[in-house]
Protein chains: 2
Amino acid sequence: MSEGYSETESQSSRPDGSAENACCTAIPEIDEEAVVADVQILSALGNDTRYELVRRIAAAEDDVCVCDLESAVGISQSGVSQALSRLYSAGLITRRKEGSWRYYGLTEDAAQFLDTLDDIRATNE
Amino acid sequence: MSEGYSETESQSSRPDGSAENACCTAIPEIDEEAVVADVQILSALGNDTRYELVRRIAAAEDDVCVCDLESAVGISQSGVSQALSRLYSAGLITRRKEGSWRYYGLTEDAAQFLDTLDDIRATNE
DNA sequence: TAGTAATATAAGTATTTACTAATATAACTG
DNA sequence: CAGTTATATTAGTAAATACTTATATTACTA
């Protein structure tokens, strides 16, 4: 019950004098599918460990195996594996098997994303 | 103590026969400040509520006040305020006071970000 | 085949997060 | 001024998260 601050019949005294919840501008609906897809990408990348993993994969010239990443981010093998798995399902990294090794690489999406982040950071300096 | 799987002197039998943790490519260090800044943005946006707020602010023609956003995302006034506050400190929204109202708008960074997300989603269809 | 290495999965847990309700603050209004 | 409205802040909490350890799986190797 998140009401309790508007018991009277909402005779809104909004800034522009309009009624209901239209104090400013009508707020359009948004695409629910887009939300889900985008938030998956954003939350996958919005964590130090996973972000670092992606940056390291991006920085490497070729695809990278888990063994290397493990020592790089300082958490357990299991933790790295889980992190990579999540990045993979978010579509941020590719994976390829070769013998006992698993090689991870960046997807185009992720590359584009990192570029945007670099852009933003560059303009904010 | 996240070791325990490499007790012997790491006489690595890596894919390319190289030593230490260089099975693939040397993995360069990454910029710690960039990590912090980027993860702040990503994690701020990587949550349904906050993402929706940003999308709605983006979709509105003018700046938006909290009262409108509240009904849009379906959480309490307090929750919205906290979400906006976090988005603000991540540099994703602007805020401006006008009488009792607070108007929120998109920053350039956020706009660029949303564009990239739209791009990515568009190419993945 | 048994043994070992690379990675994944499962189960458990401390920490973090995203809320809610209650209260505070600040500005407008009679 | 007292009352009300818009928003922020605080405190508390259920649920989610990011790990850990232990175990399973898969592939290579002697």
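Order of the sequence lines fixes the chain letters, A, B, ..., with proteins taken first and strands second; residue numbering starts at 1 for each chain. The figures that follow rest on heavy atoms only: side chains count, while hydrogens, waters and symmetry mates do not.
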task = Tell me which of R86(A) and G79(B) sits closer to the 5' end of DNA chain D, going by the nucleotide each one is nearest to.
result =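 Its nucleotide being nearer the 5' end, the pick is G79(B).
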query = Toward the 5' end of DNA chain D, which comes first, D48(A) or S100(B), by nearest nucleotide?
reply =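 Final value for this comparison: S100(B).
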query = Given the rule in the side chain to side chain contact (heavy atoms under 4.5 Å, CB included) test, do L92(B) and R50(B) qualify, once you have shown the distances and angles that lead to the verdict?
reply = CA-CA 10 Å; L92(B) 291 164; R50(B) 290 189 301 267; over 6 Å; no
Indicate whether OP1 or OP2 belonging to [N] is found under 4.0 Å from a side-chain N or O atom of [X].
{"X": "T49(A)", "N": "dC19(D)", "result": "yes"}
{"X": "N47(B)", "N": "dT17(C)", "result": "no"}
{"X": "Y104(B)", "N": "dA8(D)", "result": "yes"}
{"X": "R50(A)", "N": "dA18(D)", "result": "yes"}
{"X": "S78(B)", "N": "dA21(C)", "result": "no"}

Between [options], which nucleotide has the shortest distance from any of its atoms to the side chain of [X]?
{"X": "W101(A)", "options": "dT9(C), dA6(C), dT20(D)", "result": "dA6(C)"}
{"X": "R102(A)", "options": "dA8(C), dA27(C), dT7(D)", "result": "dA8(C)"}
{"X": "S76(A)", "options": "dC19(C), dT20(D), dA8(D)", "result": "dT20(D)"}

No-H, no-angle donor-acceptor pair, Q82(B) side chain to dA8(D) base, under 3.5 Å =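 By the distance-only test, no, there is no pair.
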